[in-house]
Amino acid sequence: MKINIKSLVRPNIRNLTAYSSKEIPCRVKLDANESPYGFDITDEILKSIKTNRYPDPEAKTLKKIIAKNLRLNPENILFGNGSDELIYYLTTVFGGPVLYPVPTFSMYGIISQALGEKRIEVPLDDEFDLDTDRILYLIKKEKPGIVFLSSPNNPTGNCFSADRILKIVESTSLVVIDEAYQPFSSEKGFLPMLNDYKNLAILRTLSKIGFAGLRIGFLIAGKEIINEVNKVRLPFNLNSISQAVATELLKNPNTIKLHIGLITSERERLLNELWKTRGIKPYPSEANFILFKVKNSDKIYYRLLKKSVLVRDMKGVVNGCLRVTVGTKKENNIFIKALKEVMK
Ligand SMILES: Cc1ncc(COP(=O)(O)O)c(C=O)c1O
């Protein structure tokens with residue numbers, strides 16, 4: 001019997017394209033918003049890990065440290081294998097329609113589609129801020145089960161106006177503010193508002209501050225939301241190695257703060273350099289990356305790659321734009337030099 005596997009697949013999955021994350025060889029990797037600074041893992045940490053036992057399902061020790069660093073109650077934290085996994089869980093639990101502004105982080109759309117939920121995409125305004133009138137209108141009309149707001153927003157780099165975000169929080173069901181890039185922002189974020197709004201949840205991740213390989217994201221919300229999301233969480237979603245390494249390394253938050261400081265000051269220098277480069281229009285950023293407009297962005301992307309400098313081509317997301325992650329001073333200098341050469 002001849003079987004067509006595709007015909008067996010649920011229609012919403014059949015039409016889905018897998019998230020593209022293939023490795024492109026390069027000398028300077030500035031495409032994925034990772035931190036250029038990693039950490040050494042000592043033998044003691046590795047030796048403390050028991051390979052025959054399942055990990056602590058609640059990652060209690062790690063939770064305590066994060067709660068202490070962010071002055072939260074551990075009860076209000078739930079871990080995911082990266083915040084991607086938590087986006088999956090939240091969408092599973094609260095369902096659609098799922099509303100989010102565009103352009104934004106692609107996983108809100110991909111996961112909604114995978115789960116067969118209706119997607120409501122609302123274009124940002126000319127300043128890359130939220131179009132509140134349109135969003136409030138669509139909230140009334142479509143009654144979304146969940147609203148995702150990435151602030152600072154990937155790929156535009158800006159924070160949305162706090163008053164616009166609050167207007168949305170006050171008018172709908174669950175609002176998830178994805179603060180993956182908050183550590184790089186001059187704004188204080190929405191953690192202080194959590195007690196005031198029961199329908200507010202916040203996503204944070206360790207991925208952007210030096211731990212992308214460990215896959216640790218966390219949801220911060222009221223106990224009721226945490227309990228509901230915990231129902232769909234896979235039992236051992238955070239492995240022992242990640243738990244042990246992050247627990248140990250987070251004991252020294254000063255090094256992480258130092259790295260964040262280096263990244264934000266390099267971001268400003270990079271922004272200045274981009275402004276000075278003819279034919280480039282960079283957008284201000286509160287994150288660890290910069291979006292910039294350039295003529296023939298496709299060509300520029302490939303010319304940079306030929307020089308072994310990898311950035312992200314935003315084709316289909318913000319046409320005519322590239323996104324560069326802030327690297328070390330040396331990496332940024334290589335990028336700027338290469339960019340100036342390929343622009344000639
Ligand atoms: C806005 C936003 N949220 C979440 C993530 C994913 O984070 P994690 O590595 O924790 O899955 C990213 C990654 O690029 C992102 O840009």
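Since we're looking at a predicted model, the values are computed, not measured. Counting starts at 1 for both ligands and their atoms, in listed order.
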Asks: Testing Glu331, Lys329, Lys337, Lys330 for side-chain contact (heavy atoms from CB on, under 4.5 Å) with Asn333, which one passes?
Replies: Lys329
Asks: Numbering the atoms of ligand 1 from 1, which are under 4.0 Å from a heavy atom of Asp84?
Replies: 6 (C), 11 (O)
Asks: How far is atom 7 (O) of ligand 1 from its nearest protein heavy atom, and which residue and atom is that?
Replies: Ser83 OG, 3.1 Å
Asks: Does the side chain of Ile209 reach to within under 4.5 Å of the side chain of Ser35, using non-hydrogen atoms?
Replies: no
Asks: Is there a heavy atom of Asp178 sitting under 4.0 angstrom from any atom of ligand 1?
Replies: yes
Asks: With a 4.0 Å cut-off, would you call Lys340 and Glu273 a salt bridge?
Replies: yes
Asks: By number and element, which atoms of ligand 1 are closer than 4.0 Å to a non-hydrogen atom of Gly82?
Replies: 8 (P), 10 (O), 11 (O)
Asks: Is the terminal nitrogen or CZ of Arg323 (NZ for Lys, CZ for Arg) located under 6.0 angstrom from the six-membered ring centre of Phe289 and within 45° of that ring's axis?
Replies: yes
Asks: Should Glu34 and Lys208 count as an ion pair when the cut-off is N to O under 4.0 Å?
Replies: no
Asks: I'd like to know if Lys47 pairs up with Glu44 as an ion pair, taking the criterion as any Lys NZ or Arg NE/NH1/NH2 lying under 4.0 Å from an Asp or Glu carboxylate oxygen.
Replies: no
Asks: For Ser207, counting its heavy atoms only, list the atoms of ligand 1 lying under 4.0 Å from any of them.
Replies: 8 (P), 9 (O), 10 (O)
Asks: So, does Lys208 sit close enough to ligand 1 that a heavy atom of it is under 4.0 Å from the ligand?
Replies: yes
Asks: Using heavy atoms and a 4.0 Å limit, tell me yes or no: is Arg215 in contact with ligand 1?
Replies: yes
Asks: Which of the atoms in ligand 1, numbered in the order shown and given with their element, are less than 4.0 Å from a heavy-atom of Tyr181?
Replies: 1 (C), 13 (C), 14 (O), 15 (C), 16 (O)
Asks: Pull out every atom of ligand 1 sitting under 4.0 Å from any heavy atom of Ala180, numbered as shown with elements.
Replies: 2 (C), 3 (N)
Asks: Before we go on, tell me: are the rings of Phe128 and Tyr283 under 6.0 Å apart, centre to centre?
Replies: yes
